[in-house]
Novice: 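I'd like to ask some things about the structure below.
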Amino acid sequence: MVVTRFAPSPTGYLHVGGARTALFNWLLAKKMGGKFILRIEDTDTKRNTPTAAQQVMDDLQWLGLNWDEGPGIGGENGPYLQSERRDIYDKYIQQLLDEGKAYYCFETPEELAAIRDEAAKAKKALVYPRPATYPTLDDVEKAKSEGRPVVVRFAMPGTDVVITDVVRGEVNVAAGEIGDFIVQKSDGFPTYHMAVVIDDELMGVTHIIRGQEHLMNTPGHQALQDALGFRRPTYAHMSVTVSESGGKLSKRERPKALKNFIKSRSEINVDELVGIGGITAEQLESFVKGKTIPDMPIIDAIAKHIGLKLPEINIVDFFKSGYLPETMINFMGLLGWSTSDDREIMQLAEQIECFDLKRLAKSNSLFDRKKLLSFNTEHIRLVGEEKLLANFKNYLQEINSPLNAADDELLKRFLTANAGARTLADVEVKCRFVFVENDAIQYDEKAVKKVLMKGNALEILAEIRSRFAAMEEITAEGIEKLLRDLAEEKEVGLGKVAQPLRVAICGNTISPPIFESVDIIGMESTLKRIDKTLEKFSEA
RNA sequence: GGUCCCAUCGUCUAGUCGGGCCUAGGACACCGGGUUUUCAACCCGGCAACAGGGGUUCGAAUCCCCUUGGGACUACCA
């Protein structure tokens with residue numbers, strides 16, 4: 001059976017790169033009728049944050065990437081948090097030690113840095129100078145008493161290595177290129193290399209799809225597998241997704257965008273930003289100078305304060321911007337992968353059906369936000385009324401929208417009235433006017449100037465008001481007929497009638513179709529808003 | 001610097017393994033036009049690429065070499 005896994009380290013939100021990795025592993029498992037495991041690689045006690053693992057799981061769930069085994073649901077190969085598997089790693093590390101395939105080291109960071117410098121000077125890769133005879137347990141005790149760090153290194157066999165990779169074919173790495181690497185850190189935790197090899201073996205992982213950044217780790221992993229008598233899983237190293245600004249698409253993108261914006265705008269007084277999102281003056285100064293990066297919620301708060309839209313990187317960012325999970329799945333699945341027949345817009349079932357590991361691309365791909373937008377437009381159209389509604393409700397809750405007050409029926413009307421919207425955010429913004437008090441409409445300056453103050457717009461608005469007031473039965477069709485008739489009588493285009501009315505009821509020139517808009521807020525509110533508008537702008 | 005990986009329209013890519021069907025296909029973006037009560041959507045049309053140089057071959061986007069360019073790694077991070 002095919003077993004794949006996604007193994008994030010809980011250091012932050014799930015970002016596009018990680019989600020894409022998860023997706024391909026998930027897709028392969030689904031396609032082959034196999035199993036998809038979630039494992040949390042929390043062996044770095046310094047970098048882990050307590051909420052990150054949960055956030056990552058929430059994000060995976062939002063995307064619909066459910067796991068068959070892992071945190072929250074368990075499974076026969078648990079525990080699924082590496083921090084809870086210490087005894088397992090210890091056992092294998094001991095085995096390596098016993099068999100002379102690993103040895104203790106006691107260098108301080110400074111001594112290690114010196115070795116590194118020397119290697120750099122000699123223009124060679126850093127290879128740890130393996131001692132002729134390995135330190136004994138007595139040496140370990142002695143080092144400990146001297147306060148030296150104790151680590152365990154794996155003794156790389158001195159043979160050339162051939163990596164067989166589904167994407168890249170055979171990759172040759174010369175002996176001596178990969179030095180003896182650490183398998184157990186001085187805090188007793190295994191390194192990534194050790195933990196990943198053991199867990200993949202024990203959990204029965206058959207296929208490992210991961211980023212290209214791991215390609216050069218593979219010789220070490222294979223050597224470890226051989227030393228421990230493990231199977232070799234099938235590897236597929238995917239190309240990297242790069243951003244418009246060049247380089248790997250990373251979580252640093254957002255802070256970077258914010259910093260650059262602050263620096264580029266002289267009108268922004270940095271001192272006034274202190275306190276926003278809880279940032280201190282020192283943190284802010286350090287951030288603007290590019291020395292440190294504040295936490296994401298602080299970044300978000302400041303960006304919001306100065307009205308800057310940050311590029312979406314984390315999966316939640318896309319959620320908050322009104323993208324559908326269906327869009328993200330479809331789009332990420334096409335980053336460095338393609339169908340054989342030019343299909344692009346696909347439903348999930350179709351995507352699973354045609355998934356093929358062999359079609360992973362070798363070259364890097366750029367994350368094209370414009371194309372993502374167009375995919376979202378398409379999926380909003382395709383996803384179906386019920387799913388769209390569910391997505392919309394999730395979204396409204398996530399952003400804490402005033403539209404949360406609407407019932408399902410109303411929400412559905414919003415959605416159908418906005419067919420063709422690019423994001424759920426577009427729909428939300430366009431429908432907010434419904435939940436504003438009749439006397440609290442904010443008039444957009446440009447809209448007033450361009451529409452209300454032009455020609456006889458106010459006259460027409462007054463005429464609409466009196467005709468509306470005289471309507472006996474109020475229906476969307478009736479409203480439409482009334483407005484069309486009026487336009488015809490006045491011998492003007494419908495725009496001359498619809499636009500003043502639109503500005504009157506929602507304060508700007510952008511809203512759902514006008515007949516629908518009037519019908520949604522109701523005739524009573526419409527009349528009140530027209531009165532208010534007439535009153536406010538007539539004397540001018 | 002060292003090691004490894006990659007290279008087709010502005011972007012994502014098909015075609016590369018198994019040379020001819022490629023006067024290089026699709027999608028997004030862009031430009032022009034149409035539809036239209038705003039925004040969006042929608043319809044029609046257009047622009048646009050085999051990084052450069054050598055080979056191999058009757059024939060190369062496809063195979064080989066070099067150059068150039070891009071990327072990853074180079075941690076007691078994963």
Side-chain angles (χ1 to χ4, degrees), chain A residues 7-11 41-44 46-47 105 107 109 112 116 119-126 149-153 163 165 167-169 171-174 177-179 181-187 189 191-193 195-196 210-217 219 237 239-240 242 244 246-248 331 334-345 358-359 361-375 377 380-381 418-423 426-427 429-430 447 451 480 483-484 487 493-499 501-503 506 508-515 517:
Chain A
S9 65
T11 54
E41 309 219 325
D42 54 349
T43 53
D44 184 349
K46 290 177 221 78
R47 295 206 319 160
C105 300
E107 279 79 13
L112 239 25
R116 220 191 320 277
K121 240 185 259 168
K123 299 186 174 186
K124 281 221 181 109
L126 166 70
V150 177
V151 301
V152 178
R153 269 180 205 271
I163 308 166
D165 181 278
V167 182
R168 308 194 187 259
V171 178
N172 297 290
V173 182
E177 271 312 316
I178 313 290
F181 54 92
I182 294 176
V183 289
Q184 187 175 51
K185 304 186 249 184
S186 59
D187 63 2
F189 273 87
T191 57
Y192 160 73
H193 307 292
V196 82
R210 44 156 52 158
Q212 186 201 238
E213 62 267 25
H214 288 293
L215 187 63
M216 282 298 112
N217 291 149
H237 288 94
S239 59
V240 179
V242 298
E244 285 100 330
K248 191 162 99 177
F331 190 75
L334 254 21
L335 248 26
W337 188 86
S338 62
T339 57
S340 53
D341 55 4
D342 288 334
R343 262 183 300 171
E344 292 202 322
I345 298 292
K358 290 198 195 76
R359 295 196 60 82
K362 291 178 179 178
S363 49
N364 292 171
S365 51
L366 189 136
F367 192 81
D368 183 353
R369 293 167 192 284
K370 294 242 180 81
K371 188 153 184 170
L372 175 70
L373 246 196
S374 109
F375 266 52
T377 310
I380 285 181
R381 208 192 323 269
N418 285 290
R422 313 213 80 186
T423 66
D426 288 352
V427 180
V429 167
K430 275 208 272 181
V451 177
E480 173 162 2
L483 292 175
R484 286 196 191 280
L494 188 54
K496 288 274 183 277
V497 174
Q499 284 302 74
L501 177 57
R502 174 171 279 120
V503 177
C506 65
N508 61 54
T509 56
I510 301 170
S511 88
I514 192 66
F515 318 121
S517 295

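Lettering follows sequence order; numbering is per chain, from 1. For the numbers below, each heavy atom of this structure counts, side chains included, while hydrogens, waters and symmetry mates do not.
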Novice: Any N or O donor-acceptor pair linking the side chain of Lys371(A) to the base of A27(B) at under 3.5 Å?
Specialist: yes
Novice: Does any nucleotide pair with G46(B) by Watson-Crick or G-U wobble geometry, both distances under 3.5 Å, and what is it?
Specialist: C30(B)
Novice: Asp44(A): what forms a salt bridge (charged side-chain N to carboxylate O under 4.0 Å, His left out) with it, not counting sequence neighbours?
Specialist: Arg47(A)
Novice: Between C6(B) and Ser363(A), counting only base atoms on the nucleotide and side-chain atoms on the residue, is there a donor-acceptor pair under 3.5 Å?
Specialist: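 Not at all, since no donor on one side and acceptor on the other fall under 3.5 Å apart.
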Novice: For A14(B) and G55(B), measure between their C1' atoms and round to the nearest Å.
Specialist: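 Each nucleotide's C1' atom is 28 Å from the other's.
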Novice: Between atom CZ in Phe331(A) and atom P in C28(B), what is the gap in whole Å?
Specialist: 12 Å
Novice: Classify the side chain of Glu177(A) and the base of G2(B) as holding, or not holding, a donor-acceptor pair under 3.5 Å.
Specialist: no
Novice: Rounding to an integer number of angstrom, what distance separates G15(B) and U38(B) when you compare their P atoms?
Specialist: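 One P to the other, the span is 43 Å.
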Novice: Quick check: are there more than 12 heavy atoms from other residues, nucleotides or ligands sitting under 6.0 Å from NZ of Lys496(A)?
Specialist: no
Novice: Show the distances under 3.5 angstrom between N or O atoms of the protein and N or O atoms of nucleotides 17-23 of chain B.
Specialist:
none

Novice: When you measure from the side-chain N and O atoms of Arg153(A) to the phosphate of A75(B), is any distance below 4.0 Å, counting only OP1 and OP2?
Specialist: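 No.
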Novice: Rounded to whole Å, how long is the line connecting atom CD of Glu344(A) with atom P of A27(B)?
Specialist: 8 Å
Novice: Quiz question: going by heavy-atom distance under 3.5 Å, is there a donor-acceptor pair between the base of A78(B) and the side chain of Asn217(A)?
Specialist: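 Indeed there is one.
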Novice: If pairing requires Watson-Crick or G-U wobble contacts with both distances under 3.5 Å, which nucleotide is the partner of U16(B)?
Specialist: none
Novice: Within the modelled atom types, does a donor on one side and an acceptor on the other bring the side chain of Asn364(A) and the base of G71(B) under 3.5 Å apart?
Specialist: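 No pair found.
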Novice: Does a nitrogen or oxygen in the side chain of Arg369(A) sit under 4.0 Å from OP1 or OP2 of U11(B)?
Specialist: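 Indeed not, no polar side-chain atom of Arg369(A) lies that close.
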Novice: In terms of side-chain geometry, is the basic nitrogen of Glu107(A) or Arg153(A) positioned less than 4.0 Å from the acidic oxygen of its partner?
Specialist: no
Novice: Does OP1 or OP2 of A14(B) have a side-chain N or O of Ser338(A) closer than 4.0 Å?
Specialist: yes
Novice: Looking at every strand, decide which applies to Asp426(A) at a 4.0 Å heavy-atom threshold: base, sugar-phosphate, or nothing.
Specialist: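 Counting heavy atoms under 4.0 Å across all strands, no contact is made by Asp426(A).
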Novice: Could you pull out all residues at least two apart from Lys185(A) that satisfy salt bridge (charged side-chain N to carboxylate O under 4.0 Å, His left out)?
Specialist: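 Lys185(A) satisfies salt bridge (charged side-chain N to carboxylate O under 4.0 Å, His left out) with no residue once adjacent residues are dropped.
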Novice: Just N and O in the side chain of Ser239(A): are any of them under 4.0 Å from OP1 or OP2 of A72(B)?
Specialist: no
Novice: Rounding to an integer number of angstrom, what distance separates C44(B) and U56(B) when you compare their P atoms?
Specialist: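 That atom pair is separated by 49 Å.
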Novice: Tell me the partner of U35(B), counting only Watson-Crick (N1-N3 plus N6-O4 or O6-N4) or G-U wobble (N1-O2 and O6-N3) with both under 3.5 Å; none if nothing fits.
Specialist: none
Novice: Grab the NE2-P distance between His193(A) and U74(B) for me, whole Å please.
Specialist: 8 Å
Novice: NZ of Lys370(A) versus P of A40(B): gap in Å, rounded?
Specialist: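 It is 14 Å, rounded to the nearest whole Å.
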Novice: Let me know the distance between CD1 of Ile182(A) and P of C77(B), rounded to the nearest Å.
Specialist: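 Going from CD1 in Ile182(A) over to P in C77(B) covers 7 Å.
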Novice: Taking only side-chain N and O atoms of Lys358(A), does any of them lie within less than 4.0 angstrom of OP1 or OP2 on U16(B)?
Specialist: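 No, because none of the side-chain N or O atoms of Lys358(A) sits under 4.0 Å from OP1 or OP2 of U16(B).
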Novice: Using purine N1 to pyrimidine N3 plus N6-O4 or O6-N4 for Watson-Crick, or N1-O2 and O6-N3 for G-U wobble, both under 3.5 Å, which nucleotide pairs with A72(B)?
Specialist: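 The base-pairing partner of A72(B), which may sit in any strand shown, is U3(B).
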Novice: Given that both distances must come in under 3.5 Å, which nucleotide forms a Watson-Crick or G-U wobble pair with A60(B)?
Specialist: none
Novice: Using whole Å, report how far CZ of Arg116(A) lies from P of C73(B).
Specialist: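 Atom CZ in Arg116(A) sits about 16 Å away from atom P in C73(B).
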Novice: Check this one for me: any side-chain N or O of Arg381(A) less than 4.0 Å away from OP1 or OP2 of A41(B)?
Specialist: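 So the side chain of Arg381(A) is outside the cut-off, no N or O lying under 4.0 Å from OP1 or OP2 of A41(B).
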Novice: Write down the distance separating the C1' atoms in G18(B) and C63(B), rounded off to the nearest Å.
Specialist: 11 Å
Novice: Taking OP1 and OP2 of A78(B), is either one under 4.0 Å from a side-chain nitrogen or oxygen of Thr43(A)?
Specialist: yes
Novice: Can you tell me whether the side chain of Lys430(A) and the base of C39(B) have a donor-acceptor pair closer than 3.5 Å?
Specialist: yes
